[in-house]
Amino acid sequence: MSSATRSGSTRKVAVVGVALSDCGRVDEATPYTLHAQAARRALADSGLARDVIDGIASAGLGTLAPVEVAEYLGLRPRWVDSTSVGGATWEVMAAHAADAIAAGHANAVLLVYGSTARADIKARRRTSNLSFGARGPLQFEVPYGHSLIAKYAMAARRHMHEYGTTLEQLASVAVQARTNAATNPDAMFRDPITVDEVLDGPMIADPFTKLHCCIRSDGGCAVLLVAEDYVADCASEPVWVLGAGEHVSHTTMSEWDDFTVSPAAVSGRLAFERAGVTPGEIDVAEIYDAFTYMTLVTLEDLGFCEKGEGGPFVEKGRLLRDGGLPTNTDGGGLSAQHPGMRGLFLLVEAVRQLRGQAGAGQVRRADGTLPELAVASGTGGWFCSSGTVVLGR
């Protein structure tokens, strides 16, 4: 069932514009600059005029993110969303935007993000995040030094204990991401790596060495969603929003029922049900990958393999562009770019793959045709939230 049907309307919703800002090492730009770059490029990709945009969704910048960003872009939207649930933010926002458009509350919604996370650290304008704060429920964990990466590492260790998942299997996720990045000119790191290089790197949080962890980059991107009425006026081929789901699980680790199950187990099921497709029909998967374990467990929870079989599933090149399930085809957060809340990049890459605009990194089906269906699944916090969107041509 599509988002349009779920909202009680028959108006379909399409993505008609996607773009990246300058990415990687961007020392001479502000986050606002990157927002504007991405927004202009996405609008140009769509072929529509700026005045068609009547909705905006943004998070992570300033005190009143969508208000400040809208003003900077010269927009006066009548629909806004500032949902902030970490890396899953953008898939959740896309779901909200699709529902709003389907219901007639907006006609064209711009999702836009930009961050100079890397440049700010290099220029000593900020320091690296070890904690999200010590207020509320987090006060019971912070005194013990339980940083974000430690929480992911703990979950990975539990999966290894329960199911026999190996370090080599986790490392293969990073290796395949880097191989996919090799054909992406926008990827920050493109040189090949091996499983041994991943395993022999400096330890960050056991079992994660450096290459098990996402890179830190600058960059931004934008996605424009519109009602089907506008598609005829667009310069680009539409990619339809077929279904979406969202779910939040926990914030305190003691309240997480099972470290081996992410909230994608719920958001994915909802998205596939609403889209009327099954995981087996998906041609391309774009999965949030701040750490290698995130890719593995999300693939399980989306239904691409059974629980506990993620380790064997990711082995032998299945995630490569020409593998059984091309995953993170741009190189993901492990190799391409990760300027913070990376979920919007997943949607950009999924759309480009479905349109056939991924250049040397383009996925082809076994018969040589372009992919028909893609899934983008974002994760926020420490497996606290998930948003999953199914897209189709």
Side-chain angles (χ1 to χ4, degrees), residues 17-45 50 56-63 65-66 68-75 84 86-87 89-90 93 110-129 174 177-178 180-191 193 210-211 213-224 286 288-290 328-352 357-361 376 378:
V18 297
L20 303 183
S21 72
D22 294 347
C23 291
R25 300 173 179 87
V26 187
D27 293 313
E28 303 300 326
T30 70
Y32 289 99
T33 303
L34 299 182
H35 277 76
Q37 277 185 350
R40 284 196 300 269
R41 293 171 184 177
L43 194 61
D45 181 55
R50 187 180 70 171
I56 189 168
S58 188
L61 181 64
T63 303
E68 294 180 24
V69 170
E71 181 178 83
Y72 189 82
L73 299 180
L75 300 173
S84 185
T89 289
W90 305 101
M93 282 183 171
L110 179 70
L111 280 60
V112 61
Y113 176 67
S115 169
T116 52
R118 173 205 149 272
D120 289 347
I121 288 180
K122 294 294 183 182
R124 299 184 183 277
R125 290 188 289 266
R126 56 168 285 183
T127 58
S128 182
N129 286 340
R178 181 63 62 87
N180 288 341
T183 56
N184 177 13
D186 293 318
M188 194 168 176
F189 294 97
R190 298 193 290 273
D191 292 336
I193 57 175
K210 181 178 179 179
L211 292 175
C213 308
C214 66
I215 62 177
R216 182 180 291 274
S217 73
D218 306 310
C221 56
V223 170
L224 181 63
E286 307 299 340
Y288 205 99
D289 61 340
N328 294 342
T329 46
D330 62 346
L334 292 169
S335 287
Q337 64 278 125
H338 198 302
M341 297 186 294
R342 192 180 182 273
L344 196 54
F345 289 82
L346 309 180
L347 292 168
V348 171
E349 177 64 12
V351 169
R352 286 180 169 176
Q357 296 176 332

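This chain uses plain numbering: 1 for the first residue, then up along the sequence. Because only heavy atoms are used, hydrogens play no part in the values below, and waters and symmetry mates are left out as well, while side chains stay in. On a predicted model such as this, the values are computed, not experimentally measured, just so you know.
Identified under the salt bridge (Lys or Arg N to Asp or Glu O under 4.0 Å) test for residues 22-40, with sequence neighbours left out: D22-R41, D27-R118.
In this structure, the separation between OH on Y288 and NE2 on H338 is 3.5 Å, given to the nearest 0.5 Å. A distance of 8.0 Å separates CG in D45 from CZ in R352, rounded to the nearest 0.5 Å. Summarising the geometry, atom CG belonging to N184 is positioned 5.5 Å from atom CG belonging to D330; distances are rounded to the nearest 0.5 Å. Between R342 atom CZ and C221 atom SG the span is 8.5 Å, to the nearest 0.5 Å. Rounding to the nearest 0.5 Å places CD1 of I193 at 5.0 Å from CG of L211. If you take CZ on F345 and CG on L20, they are separated by 6.0 Å, rounding to the nearest 0.5 Å.
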> Do R50 and L75 pass the side chain to side chain contact (heavy atoms under 4.5 Å, CB included) test, and can you show the C-alpha distance, the side-chain angles, and the key distance before you say yes or no?
Replying inline: CA-CA 8 Å; R50 187 180 70 171; L75 300 173; 3.7 Å; yes
>> side chain to side chain contact (heavy atoms under 4.5 Å, CB included) for L344 and V223? Distances and angles first, verdict last.
In response: CA-CA 8 Å; L344 196 54; V223 170; 3.6 Å; yes
> Step by step, would you call L73 with L110 a side chain to side chain contact (heavy atoms under 4.5 Å, CB included)?
Replying inline: CA-CA 11 Å; L73 299 180; L110 179 70; 4.0 Å; yes
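The nearest pair of heavy atoms linking G114 to H35 is N-CE1, 3.0 Å. When every heavy atom of A117 is checked against every heavy atom of R216, the shortest pair comes out as CB-NH1, 3.8 Å. Residues L111 and W90 share a closest heavy-atom pair of CD2-O, 3.7 Å. Residue M188 comes nearest to G24 through the heavy atom pair SD-CA, 4.0 Å, listed as atom of the first residue, atom of the second, then distance. The two residues G60 and A65 have their closest heavy-atom pair at N-CB, 4.1 Å. The two residues A38 and G220 make their nearest non-hydrogen contact at CB-C, 4.2 Å.
Contact annotation: the side chain of V18 never approaches that of E349 to less than 4.5 Å [non-hydrogen atoms, C-beta and beyond]. No side-chain heavy atom of S115 sits under 4.5 Å from any side-chain heavy atom of P31.
A donor-acceptor pair is defined here as one N or O able to donate and one able to accept, closer than 3.5 Å; such a pair exists between the side chain of E68 and the backbone of T63. Put simply, the side chain of S217 never gets that close to the backbone of Q337: no donor and acceptor are under 3.5 Å apart. Here the side chain of R178 pairs a donor or acceptor atom with the backbone of D191 at under 3.5 angstrom. For the pair N328 (side chain) and A177 (backbone), a donor-acceptor distance under 3.5 Å is absent. Between the D218 side chain and the A119 main chain, a donor and an acceptor come within less than 3.5 Å of each other.
The one candidate from T116, L34, T33 that meets the side chain to side chain contact (heavy atoms under 4.5 Å, CB included) condition with V26 is L34.
Note: Y72 and Y32 have tilted aromatic rings, judged against thresholds of 30 and 60 degrees for the angle between ring planes.
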